[in-house]
Each structure stands twice: as C-alpha cells, then as structure tokens.
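No experiment lies behind these values; they were computed from the predicted model shown.
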Amino acid sequence: MYIKLGFTLVATIILCIGMSFKSIAGEEGKSNRSGDNRAPIKISKEDSLKLSKKMSIFLKIVSNISEAILDKNFKVIKEESFDLSEFTKKNRNITPKSAFDSLKKNMSKSAFTLYKSAEKQNIKEITINFNRTVKSCVACHSSFRRVYK
C-alpha cells in the first residue's frame, strides 16, 4: 500500500514539474493557463533555465530513491536522501525571497528525516517519510509558477 502511494506521489510530482517546464516554453512573461492561480515567481529567462536544471537534479534524486525503496537498497536511500537534503540547503537562494524559502526548508527537513529512516533500515518508516518528501515537492509546484521578468 505504501509503495503504491509513493509511486502515485512521484507521478504527481512529475506532472507538476512538467507543468513548470511547460511555462518556460510559453510566451515570455505570460502564463499559458488562464485558470492558473499559482503565485508567480518573476525570474529572468537565464535564472529560469538554471532553476530547471536544479529541478531536474531533484527529480533524478527522487526517482533514485523510489527505485531504491522497491529494491530495499538502504544504502542508496540513505545517500540520495542526504544529498537531497544538502542540495536543498545549498540552493535556498535560487529564487527571490518569498514563501518559497519556507517550502524549500520543509523539503530539506523531510529529506533529512527520510535519511534518518534509512539509517534504521525501517522500510515502513522510509515509505512514510518518502511520501512526505514528495508531498513537499508537490506543495511547492502547486503553489508557485514561473513567469519571466
């Protein structure tokens, strides 16, 4: 049950990230979705591309953790969740100061909690904390969208 929930969340985050990447391909400074009520983060095209690369790294790490959970590969879960936590800390200023910062802090904390679960090799706890980590990704992508300055 927990693994199915985890994959549902991963699919959701992939969808949200895909929506964010789509905004890069749209018209400059405009949202392509008239019903999009997410708060805009005004960002230059150059910074937007940098942010996209960083989001791709996040997605790869989350994907690696998901596969490791299936294989019960605690070493990979531990390494990747630690990397995710640290990478998030190092990149707290990749966007203008906003509520975005608290969401990134939550992401870092949830990834570190996942790391601690991996140290204990408790698959049930790992799955619960993985879901929390993915939910923190989804929370951000559900709250914010990029628009060009």
Side-chain angles (χ1 to χ4, degrees), residues 1-26 33 36-148:
M1 177 182 136
Y2 290 111
I3 292 175
K4 285 182 183 179
L5 180 59
F7 286 108
T8 301
L9 289 171
V10 169
T12 303
I13 192 169
I14 290 169
L15 177 65
C16 290
I17 290 171
M19 287 170 39
S20 295
F21 287 160
K22 272 189 172 180
S23 69
I24 293 170
R33 297 169 300 281
D36 191 345
N37 60 357
R38 294 177 295 158
I41 297 286
K42 292 189 178 179
I43 190 168
S44 70
K45 208 168 196 180
E46 181 182 323
D47 287 342
S48 183
L49 291 173
K50 288 177 188 175
L51 182 59
S52 292
K53 288 178 184 176
K54 291 175 183 186
M55 291 295 109
S56 293
I57 293 169
F58 285 155
L59 183 59
K60 179 66 176 161
I61 291 172
V62 169
S63 178
N64 290 345
I65 294 169
S66 180
E67 288 178 27
I69 290 171
L70 276 180
D71 297 336
K72 294 185 181 177
N73 186 337
F74 300 108
K75 182 180 182 223
V76 170
I77 298 166
K78 188 175 157 185
E79 290 170 356
E80 295 284 7
S81 58
F82 183 80
D83 288 349
L84 183 59
S85 176
E86 290 299 306
F87 188 73
T88 306
K89 284 181 196 174
K90 291 176 187 170
N91 289 288
R92 285 216 174 113
N93 295 319
I94 58 176
T95 61
K97 292 284 182 198
S98 67
F100 207 62
D101 290 336
S102 70
L103 289 169
K104 286 188 279 185
K105 189 174 182 178
N106 288 341
M107 170 63 155
S108 182
K109 284 182 179 180
S110 64
F112 190 74
T113 303
L114 176 59
Y115 165 78
K116 295 303 251 177
S117 299
E119 280 188 326
K120 295 186 240 174
Q121 297 188 0
N122 181 329
I123 196 68
K124 183 177 180 180
E125 193 176 305
I126 287 168
T127 306
I128 291 167
N129 288 317
F130 176 71
N131 290 335
R132 287 182 183 145
T133 301
V134 173
K135 283 181 182 179
S136 67
C137 297
V138 173
C140 192
H141 286 271
S142 297
S143 300
F144 296 100
R145 64 184 167 87
R146 284 180 273 186
V147 295
Y148 294 122

J.: For residues N122 and F74, report the shortest heavy-atom separation together with the two atoms involved.
T.: N-CE2, 4.4 Å
J.: Looking only at heavy atoms, what is the nearest atom pair of L103 and A139, with distance?
T.: CD2-CB, 4.2 Å
J.: Atom CD1 of I65 and atom CD of E79: how far apart are they, to the nearest 0.5 Å?
T.: 11.0 Å
J.: Any idea which heavy atoms bring M107 and C137 closest together, and the distance?
T.: CE-SG, 3.2 Å
J.: Using every non-hydrogen atom in the two residues, find where A118 and I77 come nearest and quote the distance to one decimal.
T.: CB-CG2, 3.7 Å
J.: Between atom NZ of K54 and atom CG of L49, what is the distance when rounded to the nearest 0.5 Å?
T.: 12.0 Å
J.: Apply side-chain contact (heavy atoms from CB on, under 4.5 Å) to residues F130 and V62 and explain how you reach the verdict.
T.: CA-CA 9 Å; F130 176 71; V62 169; 4.0 Å; yes
J.: First locate atom NZ of K75, then atom CD of Q121, and finally report the distance between them rounded to the nearest 0.5 Å.
T.: 12.5 Å
J.: Measure the spacing between OG of S63 and CZ of F58 and express it to the nearest 0.5 Å.
T.: 15.0 Å
J.: Checking S85 side chain against A111 main chain: does a donor-acceptor pair fall under 3.5 Å?
T.: no
J.: Please report the closest heavy-atom contact between S117 and E125, naming both atoms and the distance.
T.: OG-OE2, 3.0 Å
J.: Enter the distance from I61:CD1 to E80:CD here, rounded to the nearest 0.5 Å.
T.: 5.5 Å
J.: Determine, stepwise, if the pair N64 / K60 fulfils side-chain contact (heavy atoms from CB on, under 4.5 Å).
T.: CA-CA 6 Å; N64 290 345; K60 179 66 176 161; 3.6 Å; yes
J.: Minimum heavy-atom separation for Y115 and S81, please, with both atom names.
T.: CA-OG, 3.1 Å
J.: Looking at V134, T133, L84, N129, which hits side chain to side chain contact (heavy atoms under 4.5 Å, CB included) with S110?
T.: T133
J.: With rounding to the nearest 0.5 angstrom, report the CG to CD1 distance, D83 to I57.
T.: 10.5 Å
